[in-house]
Amino acid sequence: MSALQPVRGTRDILPEEMRRQRAVIETAREIAERYGYLEMATPVFEFTEVFKRTLGDTSDIVTKEMYTFSMKEGEQITLRPENTAGVARALMSGGLSQQLPLKFFYAGPMFRHERPQKGRQRQFHQFGAELLGVPKAQGDIELIALGAHILTGLGVYENTSLELNTLGDSDSRTAYRAALVEYFSEHRADLSNDSQDRLERNPLRILDSKNEGDRKIVAGAPVFGDYLNTESQDFFATVKEGLEALGIAYNLNPRLVRGLDYYCHTAFEFTTDLLGAQSAVLAGGRYDGLVETMGGPSTPGVGWAAGIERLSMLMDKEIPAPRPIAVIPVGQATEATALTLAHTLRHAGYGIELGFSGNVGKRMKRANKLGARAAVLLGEDELAKQSATIRDLDSGEQELVSLDAVVEYLVRYR
RNA sequence: GUGGCUGUAGCUCAGUUGGUUAGAGCGCCGGUUUGUGGUACCGGAGGUCGCGGGUUCAAGUCCCGUUAGCCACCCCA
């Protein structure tokens, strides 16, 4: 371990990658606002209890992935591993439940102490959307449509597929879970160690096991469809019809389950096969029980979160840096004029690069390396005529322009 | 947390059966061109061979540990 290297699972986001991530966020932000969602932010850390109660004491995230700290006062706080719990907490803290329905979106860093691999870091960033106070399937449809729209806006929709499932309401889920536990308990000895563990903690997860032996047993397991009550079936049917009406294709995937306890009804995941094992890029579902679990008023909710790094990796295009205009003084005598000219141009809205040192050749080189669109050369000859030489760095053509006219002349390079 | 692969200049990599001053391309800096960039030519800087032990007359090359990355499991965005 060296103090000079970043902590495992973290990395610096340098300008090139930053531009991509910013493009992801800004595209998502713009589209979310079209759907009436408003941006908000919750703190990066919360009382540990917030996550423990909502994610469930047995989830992997709570049992082994949280960054938890003890404060001097004896309080336990945790860096957020996801943002839905924080939004739900904010709903109660701020008395916002008087204003339902509410549509929020957020973007920011999340922290999970997992083993890093491609598309998975310990500090990563999510963009998410939450719809609170809407119990109807129309909410689920809108949210999935929003997710699909953002993926389209990023140009990655074609590289993803939408996996869809229902977890039913709590009655259906309880009945199904009981049936699963009974079935798997009979085959307990033949299950993998992981799945024996799942049997205790989250039996639905066994359905999603990649272990071959497990899969054979899963093949004979009870099917959720048989345990869905009429209400749950109708709800799911409405979601599917809505997606079809919007032309959003989906694959029914009965093995798609959620690791987080508060999900019910719709569960969905936009996945890709371009990121190795970390295939989910935007995933979520309905969580009608969440707010109540936290001790708030019964409040239905639907939401999803997307991995910003994963989306950035999927977008293969380079985002070019903005092209500045270089202001270059030629000789000591013109530096003062260059400084004020740069100042004026910046206030007029131009991106100006004013070198700090070097002769004309060096400054031109630097301007070129930065991708400058044009260079404004200020020498004593020009100064005598109250003018500047403006060189187009793409064509190589240059022209003498009066200092009063520079702001207007440069409009062509906007 | 488990298993496998990898770690040589800023980047991508080459380094024969362990053997004298560790190489290339790109990038960087300088020069040809001290009022004009991109191309070309010339020159230069830059390496505790991830880190720590060990074996050996001798280790970038072999062994052990450790750390980081990657891949899979797990989990998930």
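Just so you know, these numbers come straight off a predicted model, no measurement behind them. Each chain gets a letter, A, B and so on, in the order its sequence line appears, and its residues count up from 1.
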Whether the side chain of [X] and the base of [N] hold a donor-acceptor pair under 3.5 Å is what I'd like checked.
X: A:R391; N: B:G37; result: yes
X: A:N368; N: B:G38; result: no
X: A:R310; N: B:C76; result: yes
X: A:R198; N: B:C74; result: no
X: A:R115; N: B:G69; result: no

Checklist entry - Quick one: on RNA chain B, does A:H113 or A:R122 contact a more 5' nucleotide (nearest heavy atom)? => result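 Result of the comparison: A:H113.
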Next on the checklist: Nearest heavy atom decides the nucleotide; on that basis, is A:A372 or A:V7 closer to the 5' end of RNA chain B?
Outcome noted: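 The 5'-side residue here is A:A372.
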Output the single nucleotide from [options] whose closest atom is nearest the side chain of [X].
X: A:L393; options: B:C70, B:G37, B:A77; value: B:G37
X: A:K369; options: B:G30, B:C29, B:A77; value: B:C29
X: A:R112; options: B:A77, B:C29, B:C70; value: B:A77
X: A:M364; options: B:U36, B:G35, B:A77; value: B:U36
X: A:P116; options: B:G69, B:G37, B:A77; value: B:G69

Item to check | Ring center gap for A:F105 and A:Y37 short of 6.0 angstrom | outcome: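 They do not qualify: ring centres at least 6.0 Å apart.
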Checklist entry - What about the rings of A:H149 and A:Y35, do their centers lie closer together than 6.0 Å? => result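 Yes: the rings meet the under 6.0 Å criterion.
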Between [N] and [X], is there an OP1 or OP2 to side-chain N/O distance shorter than 4.0 Å?
X: A:R8; N: B:G69; value: yes
X: A:K210; N: B:A72; value: no
X: A:Q398; N: B:U36; value: no

[X] near the nucleic acid: base, sugar-phosphate alone, or nothing, with a heavy-atom cut-off under 4.0 Å?
X: A:D394; value: base
X: A:D381; value: base
X: A:G396; value: base
X: A:E309; value: nothing
X: A:R120; value: base
X: A:A305; value: sugar-phosphate

Next on the checklist: A:E17 vs A:R11, test: side-chain contact (heavy atoms from CB on, under 4.5 Å). Steps then yes/no.
Outcome noted: CA-CA 11 Å; A:E17 172 61 14; A:R11 57 180 54 165; over 6 Å; no
Checklist entry - Salt bridge or not for A:R391 and A:E397, using N-O below 4.0 Å? => result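 Judged by the 4.0 Å cut-off on N to carboxylate O distance, A:R391 and A:E397 do not form a salt bridge.
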Checklist entry - With the threshold set at 4.0 Å, does a side-chain nitrogen-carboxylate oxygen contact exist between A:E114 and A:R120? => result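 Judged by the 4.0 Å cut-off on N to carboxylate O distance, A:E114 and A:R120 do form a salt bridge.
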Checklist entry - Roughly, in whole Å, what's the span from CD in A:E397 to P in B:U36? => result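 Atom-to-atom, A:E397 to B:U36, this comes out as 19 Å.
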Checklist entry - Across all strands, who's sitting opposite B:U66 as a Watson-Crick or G-U wobble pair, both distances under 3.5 Å? => result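 In the structure as shown, B:U66 has B:G50 as its Watson-Crick or wobble partner.
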Checklist entry - How are the rings of A:Y183 and A:H187 set to each other: parallel, tilted or perpendicular (split at 30° and 60°)? => result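 Ring orientation of A:Y183 relative to A:H187: tilted.
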